[in-house]
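Just below is one structure, and these are the notes that go with it.
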Amino acid sequence: MDPLKQKFQEKAQALAIEMKAFRKEHANVKVDEVTLGQVFGGMRGVKSMIWETSQLDPIEGIRFRGYSIPELKKILPKAPNGKEPLPEGLFWLMLVGEIPTEEEVKWLSDQWKRRSAVPEHTFKVLDSLPITTHPMTQFISAITSLQTESVFARRYAEGLNKSEYWDATYEDAMNLIASLPRIAAYIYRRTYHNGDHIQPDISLDWAANFAHMLGVKKPDFKSLMRLYLTIHADHEGGNASAHTTHLIGSTLSDAYHSFAGAMGALAGPLHGLANQEVIKWVFNMLDVLGTRQPTKEQIAEFVNNTLAAGKVIPGYGHAVLRQPDPRFTAQKNFAQDYIQNSDIVEVVWKTFEVVPPILQSLGKVKNPWPNVDAHSGALLVHYGVTEYSYYTVMFGVSRALGVLAALCWSRALGFPLERPKSVTFDWVKNNVGAEAKA
Ligand code: CMX
C-alpha cells in the first residue's frame, strides 16, 4: 500500500471508531434549530453535514485543517526557489490532517505524474464538441468520459465489500486529480489556440505543469498557478460544488460522476462562474467608459447602473463570509509582490474601494465585501490568459483537491445516502402557520 493511503487508512479507521461511538451516545442531542427563513432561504447556516478537510468562519475566512491561508503560505512545502505553496501539500494536509514533508510532497507530485495518462477517447469526446462549446461544458464532458476508468465502479460491479469503498475512492480521487491539468489545458489550447497542444513536462510539479501546458511562458505564472490551485481547493462542505460532490457521492456514485456534477454547480454565475463574470463586467465597464484607467466616480456610476439593471456585482458578497475573503487578500498580496503597473489590477483595487459602501447602502446585502472571484481574473489577464470563459475550469481543477479528499473521508466513515425532507407550502401553512397562531 502506498504511504499516503496507509496513513489515510490508519487515521480513518481510528476516526471511524471514535465517531461511531460518539454518534451512538449523542444521537438524540439537538445540534441546531431550523427556522422557516432558513427553509425558504437556501438552508443558510443549517448544520447538517460532516466535512473534515476545511472549515469556514464568517469573519476569519477559510481554515484548512485549522490552518489559515497566510499560515499555509509559510509552512507548506514549496518548489525550489519558490515562494508559493504547492497544492500537493494542501491535498496531503486535507486528506490526512498533517503538514507533509518536502519528500512526501515530492512523492505525491511523482504519483500524480504516473497517474496522469488520459485515455484517447476523452480527447476524442472533446474534439467532437463544437469549438464554441463553453469550456465548463467541455470540462464536464471530459470528466464524464473518464468515468470508464473508475476503479470504484469496476470493483463495485465485481462485488466490493463496503469496508473497501474508501480504498477504491482513494484510487479514483488520485487518478482523477492527476489527469485534470492535462484535460483542462487541452480544452484551453483547442478552444483558443487552434488545437496547438503542448505536451506535459514531467520534470514539473502539478501546478507548474498545468501552467506549462496552458502555454504561458512567464515564470511567475507558475508561481501564480501554485497559489491559485491551493487557495481555490476547498471552502468547507456547504458550498454548491462541495455539497454536490457529497450528495452524488452519497449514492455510491463514483468520484468521476460526483465531480462532474460538482462542476455543473461550479458553472453557475452565483458560484464559480462569477470569476468569468467579474472580468467580463470589468471589460464591459472599460469599453463603456472608453478608458483603461477609470476614476472611482466613473466606477461608482457603472456599479449603480449595473444594480439599476437588476444585476448583481460579480465577485462581491458571500453566503457565509462577512469580511473581505482571505483568498481575495492572498491574490492582492500576490499582485503587490509580483506585478508592477497593471491597469487591470488597478481597476480591481479601485473597484474594491468603491463597491462595498454602495452595496452596504442597499440595506439588504449581508456581505458587501469581495470574494475570491473579484481578483483572480485580473491576475490571469495580466499574464495573458484573457479568455475569461475559461476561468471557471481553472477553479474546477483546484476544487477537485478539496472535494475529492472529502469524498475519501465520506466513504471511509461510512456516511449514508443523503436524503433531507422537503415539504409543500400547504404543509408550511397548516403546520408552521397553525403553530404561530397557537
Ligand atoms: N450585488 C448585488 N446584489 C447582491 C450582491 C451583489 N454582489 N450580493 C448579494 N446581493 C443581494 C442578493 O441578490 C439578495 O437580493 P434579493 O433579496 O433582492 O434577492 C440580497 O442582496 C441578499 O443576499 P445575501 O443574503 O447578502 O446573499 P446570498 O447569501 O443570498 O448570496 C451570493 C450570496 C454570493 C450568491 C451573492 O452575494 C451574489 O450574488 N454575489 C455575486 C455573485 C458572486 O460573486 N458569486 C461568487 C461567490 C463565491 C463563489 O462561490 O465562488
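In listed order, ligands and their atoms are each counted from 1.
- Between the side chains of D172 and S150, a donor-acceptor pair is found at a separation under 3.5 Å.
- R63 pairs with exactly one of Q55, E71, E236 by the side chain to side chain donor-acceptor pair (under 3.5 Å) rule, that one being E71.
- Screening residues 310-325 for side-chain hydrogen bond (donor to acceptor under 3.5 Å, both in side chains) gives D325-R327 as the qualifying pairs, with residues at least two apart or on separate chains.
- Residues meeting the side-chain contact (heavy atoms from CB on, under 4.5 Å) test with A178, sequence neighbours left out: W112, R115, S116.
- Taking P130 as the reference, T132, T133 meet the side-chain contact (heavy atoms from CB on, under 4.5 Å) condition, with sequence neighbours excluded.
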Quick check on ligand 1: any N or O pairs to the protein under 3.5 Å? One line per pair.
unit_1	atom_1	unit_2	atom_2	d
ligand 1	1 (N)	I313	N	2.9
ligand 1	7 (N)	I313	O	2.9
ligand 1	7 (N)	Y316	O	2.8
ligand 1	15 (O)	K364	NZ	3.3
ligand 1	18 (O)	K364	NZ	2.8
ligand 1	25 (O)	K366	NZ	2.8
ligand 1	26 (O)	K366	N	2.8
ligand 1	29 (O)	R44	NE	3.0
ligand 1	29 (O)	R44	NH2	3.2
ligand 1	30 (O)	R44	NH2	3.2
ligand 1	40 (N)	Y316	O	2.8
ligand 1	44 (O)	G315	N	2.8
ligand 1	44 (O)	N371	ND2	3.0
ligand 1	45 (N)	L270	O	2.9
ligand 1	50 (O)	H271	ND1	2.7
ligand 1	51 (O)	H271	O	3.4
ligand 1	51 (O)	D373	OD2	2.7

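- Between the side chains of T144 and H257, no donor-acceptor pair is found at a separation under 3.5 Å.
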